[in-house]
There are 2 protein chains.
Amino acid sequence: MISFEGFVQEDGSPIYLQILRYIKRGVVAGVIRDGDELPSRRVLSALLGVNPNTVQKACRTLEEEGLLCSFAGSKSLMQLDEEKIRAIRTELVTEDALTAVRALRQMGIGKAEAMALLEQAWQTAEAQDSAPHAKEAEQ
Amino acid sequence: MISFEGFVQEDGSPIYLQILRYIKRGVVAGVIRDGDELPSRRVLSALLGVNPNTVQKACRTLEEEGLLCSFAGSKSLMQLDEEKIRAIRTELVTEDALTAVRALRQMGIGKAEAMALLEQAWQTAEAQDSAPHAKEAEQ
DNA sequence: CCAACTGTATCACTGCTATAATACAGTTGC
DNA sequence: GCAACTGTATTATAGCAGTGATACAGTTGG
């Protein structure tokens, strides 16, 4: 069963796209694999605190892209292979990296400084990712 | 008078936010300076091919942030100082770099590979920026 | 003075996102 | 068989973004 514990709703972008990206990133990371079961629309909507219709919209998009197979009245399983995963990876990397690089270039920032800023952002993200684990350590 | 020739509408995000970011990036790049005049709402909306109300929404936000001063019945001038510029730069860099880095980390991509991907994206952006100049060279 | 500009405000309308409440048909397990 | 789940579809409602049209008040330059 696919987990959504790391999901946090924040962006200004549509929720169904956030759900979509979360799943795709999980696929690229190898956390979500071929044949993995998606929680039911109702369960997932309760987990994420959003409307079932919003979850359904994300699922329909996934299905249209051939990444999810939904059996009416039954489960919903991920449908993945190496080629699809590679395509998603390229899609997401291009989207994320190129967007950031274009923004930095538009600000007149040079390549060397940009790389330094990105490396610094990496440290920040690393610190923020490991910080929450302190709670688990207390348990 | 502030130029908007490099502006291209593409994102899925609201247009008034795109206009806002375009101006802020110009400020950070030093292309837009203190006292610079913004084209009138009507002229700018015609330039960008959007509704005057959309431009007005971006301008009101700029004004609320103390970056623009609009004289009713007259011009609209940028109101900048070193401190504001530094704040904008930090705001945008954090927003852009951290967003990309978080996405890459969520995909399970390591630091070394991430930096390589970003450097590759830089080359791509560089090529796309210089390509349009071919048209100018023809003139 | 006055015409032409400026910023500002309002109204109606469309489209998309999201919520809410249902309803229906297929699958599963006891 | 039947209750409890599953995916799917429909309707209504609300808010925000964006467009289009219009109106009003202040500024500017000839």
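Below, read A as the first sequence line, B as the second, and so on, with proteins coming before strands; counting in each chain starts at 1. As the structure is a computational prediction, the values presented were derived from the model and not from experiment. Just so it is clear, the values below take in all heavy atoms, side chains as well, and ignore hydrogens, waters and symmetry mates.
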Separation of B:Arg42 atom CZ from C:dT8 atom C1', in whole Å? 9 Å
Closest to side chain of B:Thr54, choosing from C:dG7, D:dT8, D:dT19: D:dT19
Between P on C:dT17 and CD on A:Gln9, what's the gap in Å once rounded to a whole number? 14 Å
Just compare C:dT6, D:dA17, C:dT17 and give me whichever is closest to any side-chain atom of B:Tyr16. D:dA17
Nearest whole angstrom, please: distance from the C1' of C:dA25 to the CZ of A:Arg41. 15 Å
Please state whether the rings of A:Phe4 and A:Tyr22 are parallel, tilted or perpendicular, taking 30° and 60° as the class boundaries. parallel
N/O donor-acceptor pair, side chain B:Asn51 with base D:dG18, under 3.5 angstrom: no
Would you please confirm or rule out a distance under 4.0 Å between OP1 or OP2 of D:dG7 and any side-chain N or O of A:Ser70? no
Whole-Å gap separating P (D:dC5) and CE (A:Met1): 14 Å
Go nucleotide by nucleotide along DNA chain D from the 5' end; which of A:Ser74 and A:Asn53 gets its closest nucleotide reached first? A:Ser74
Please classify the nucleic acid contact of A:Arg60 as base, sugar-phosphate, or nothing, using heavy-atom distances under 4.0 Å. nothing
Rounded to whole Å, how long is the line connecting atom CD of A:Gln18 with atom P of C:dT17? 12 Å
Counting only side-chain nitrogens and oxygens, does A:Lys57 get under 4.0 Å of the OP1 or OP2 atom of C:dA18? no
Under 4.0 Å between a side-chain nitrogen and a carboxylate oxygen: does that hold for B:Arg21 and B:Asp96? no
Name the residue closer to the 5' end of DNA chain C, choosing between B:Val43 and A:Gly49 according to the nucleotide with the nearest heavy atom. B:Val43
Which whole-number value in Å describes the distance from A:Phe71 CZ to C:dA25 C1'? 17 Å
The side chain of B:Val50 is closest to which nucleotide in this list: C:dT19, D:dT19, C:dA23? D:dT19
Carboxylate-amine/guanidinium contact A:Glu91 A:Lys24, below 4.0 Å: yes
Are any of A:Ser76's side-chain N or O atoms less than 4.0 Å away from OP1 or OP2 of D:dT6? no
Using a 4.0 Å heavy-atom cut-off across all strands, classify B:Glu63 as base, sugar-phosphate, or nothing. sugar-phosphate
Is any side-chain N or O of B:Lys75 closer than 4.0 Å to OP1 or OP2 of D:dT27? no
Does atom NZ (A:Lys75) have a neighbourhood of more than 12 heavy atoms from anything else shown, all under 6.0 Å? no
Would you kindly give the CD1-to-C1' distance between A:Ile15 and D:dC16, to the nearest whole Å? 13 Å
Between atom CD in A:Gln56 and atom P in C:dA20, what is the gap in whole Å? 17 Å
B:Lys111 with A:Glu119: basic N within carboxylate O range, under 4.0 Å: yes
